[in-house]
2 protein chains.
Amino acid sequence: MDKSICPRFEKAMGLLSQRWTGLILYQLLSGPQRFCTIESSVGVSGRVLSERLKDLENEAIVKREVYPETPVRIEYSLTDKGLALEPLMKEIEKWSQNWLEA
Amino acid sequence: MDKSICPRFEKAMGLLSQRWTGLILYQLLSGPQRFCTIESSVGVSGRVLSERLKDLENEAIVKREVYPETPVRIEYSLTDKGLALEPLMKEIEKWSQNWLEA
DNA sequence: ACAATAACTTACTTTATGTAAGTAAGTATA
DNA sequence: TATACTTACTTACATAAAGTAAGTTATTGT
């Protein structure tokens, strides 16, 4: 009975179940943001955030843009693939509202 | 700018982003199942599966039922709270179909 | 020149997970 | 009667992932 789960589903779940990844993506749904903003609003350490953003860039879910202003501004935002996660996030919101205590 | 994310959402994401938890729940959506079935279909180790099922029982997402047959049969199934995760899982399926390669 | 800020990276510690063996209860087999 | 087998776990130990804190590079403000 080994491995009855769809590999694509498994991959998606593998991405989302990386610690912090879901919260990082949820945070980015509210618009492009810089490193330190994500760090403090999500509560993830810089070390892990840096790692996750690289992974998400490799998956083409997040894009990184450098604005050579002064001081330099680096913004992370969602690609179309990343934006497509919105309905999923809304479902998590719904479930948490309906089934979890405040 | 600390902690701008809704605590309920954060808790929901915390549950789902535990390694294996999402796949275990997805597997249980197809009906009640025993320990060893989940173990092999999901690919999780017994050690972690045992831990996860206990956590999910404590969260009232999964229930455990003992049938004193021979040999004893123990089945894990979703509560209403667990079943309510179905739309969310469907969204993950959709996203994975649309955006991930096979 | 000195302190400050953003965006990281590195070194080190703690926690989580994987692996494999062990346990308990009951059944079937030799 | 003793041995082996099955399910559902637990325990002990090794490895991988995450947390913490300090360090780096570039640039600005005082």
Side-chain angles (χ1 to χ4, degrees), chain A residues 1-5 10-11 13-28 31-59 61-78, chain B residues 1-5 10-11 13-28 31-59 61-78:
Chain A
M1 217 232 231
D2 272 30
K3 291 290 183 181
S4 60
I5 294 173
E10 216 173 317
K11 168 128 199 233
M13 196 58 98
L15 286 169
L16 293 170
S17 72
Q18 287 267 90
R19 205 171 194 169
W20 301 113
T21 298
L23 290 178
I24 293 166
L25 293 171
Y26 182 71
Q27 189 62 26
L28 287 175
Q33 282 166 64
R34 37 204 324 187
F35 193 92
C36 64
T37 307
I38 305 172
E39 191 174 359
S40 62
S41 61
V42 168
V44 61
S45 70
R47 192 197 139 292
V48 173
L49 178 56
S50 168
E51 206 172 288
R52 289 296 182 273
L53 289 170
K54 263 175 213 157
D55 292 347
L56 290 169
E57 248 193 287
N58 289 334
E59 296 291 337
I61 293 171
V62 161
K63 62 173 179 287
R64 177 183 193 268
E65 290 189 275
V66 181
Y67 299 89
E69 298 169 358
T70 170
V72 67
R73 181 165 53 102
I74 295 174
E75 281 194 341
Y76 294 90
S77 57
L78 297 175
Chain B
M1 228 246 219
D2 271 31
K3 291 286 181 182
S4 59
I5 294 174
E10 215 173 320
K11 167 126 200 237
M13 196 57 99
L15 286 170
L16 293 170
S17 72
Q18 287 265 91
R19 205 169 193 173
W20 301 113
T21 297
L23 290 178
I24 292 166
L25 293 170
Y26 182 71
Q27 188 63 26
L28 286 176
Q33 280 167 65
R34 38 204 325 188
F35 193 93
C36 64
T37 307
I38 305 172
E39 191 175 357
S40 63
S41 61
V42 167
V44 61
S45 71
R47 194 198 140 292
V48 173
L49 178 55
S50 169
E51 206 172 287
R52 292 294 183 272
L53 288 170
K54 263 176 214 157
D55 293 347
L56 291 169
E57 247 193 286
N58 289 335
E59 296 291 339
I61 293 171
V62 161
K63 64 170 176 293
R64 178 184 193 268
E65 289 189 275
V66 181
Y67 300 89
E69 298 170 0
T70 171
V72 66
R73 180 165 53 102
I74 294 172
E75 282 195 341
Y76 295 91
S77 56
L78 297 174

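Per chain, numbering begins at 1; letters A, B, ... match sequence-line order. The basis for the numbers below is simple: all heavy atoms, side chains too, and nothing from hydrogens, waters or symmetry mates.
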Whole-Å distance, A:L53 CG to D:dA18 P, equals 14 Å
So what does B:R47 touch, heavy atoms closer than 4.0 Å: a base, only the sugar-phosphate, or nothing?
-> base
Is any side-chain heavy atom of A:R52 closer than 4.5 Å to a side-chain heavy atom of A:R19?
-> yes
The nucleotide from C:dT17, D:dA8, C:dA7 with an atom nearest the side chain of A:C36 is C:dA7
Of A:G46 and B:R34, the one whose closest DNA chain D nucleotide lies more 5' | B:R34
B:I24 atom CD1 is separated from C:dT17 atom C1', nearest whole Å, by 13 Å
Per A:S45 side chain, nearest of listed nucleotides D:dA8, D:dA17, D:dG19 | D:dG19
Are side-chain heavy atoms of B:L28 and B:L56 found at a separation under 4.5 Å?
-> no
Whole-Å distance, A:E39 CD to C:dT5 P, equals 14 Å
Indicate whether OP1 or OP2 belonging to D:dA8 is found under 4.0 Å from a side-chain N or O atom of B:K54.
-> no
Once you round it to whole Å, what is the distance between C1' of D:dT25 and CZ of A:F35?
-> 15 Å
Distance, rounded to the nearest Å, where A:I74 contributes CD1 and D:dT25 contributes C1' | 12 Å
Position toward the 5' end of DNA chain C (nearest nucleotide), A:E51 or B:V48 | A:E51
Could you state the CZ-P distance from B:R52 to C:dG18, rounded to the nearest angstrom?
-> 8 Å
Within a strict 4.5 Å, meaning less than it, do heavy atoms of the B:R64 and B:V66 side chains meet?
-> yes
Is it true that A:E59 and A:K11 have a side-chain N and a carboxylate O under 4.0 angstrom from each other?
-> yes
When you check the phosphate oxygens OP1 and OP2 of D:dT10, does a side-chain N or O of B:S50 lie under 4.0 Å from one of them?
-> yes
Could you state the atom-to-atom distance from CD1 of A:I38 to P of C:dC8 in whole Å?
-> 10 Å
B:W20 vs C:dA16: side-chain N/O to OP1/OP2 distance below 4.0 Å | no
Euclidean distance, atom CZ of residue B:R19 to atom C1' of C:dT15 [Å, nearest integer] | 13 Å
Distance from B:D55 atom CG to B:T21 atom OG1, nearest 0.5 Å?
-> 7.0 Å
Under 4.0 Å: is that the gap between some side-chain N or O of B:Y76 and OP1 or OP2 of D:dC9?
-> yes
Answer yes or no: does a side-chain N or O of B:R64 lie under 4.0 Å from OP1 or OP2 of D:dC9?
-> yes
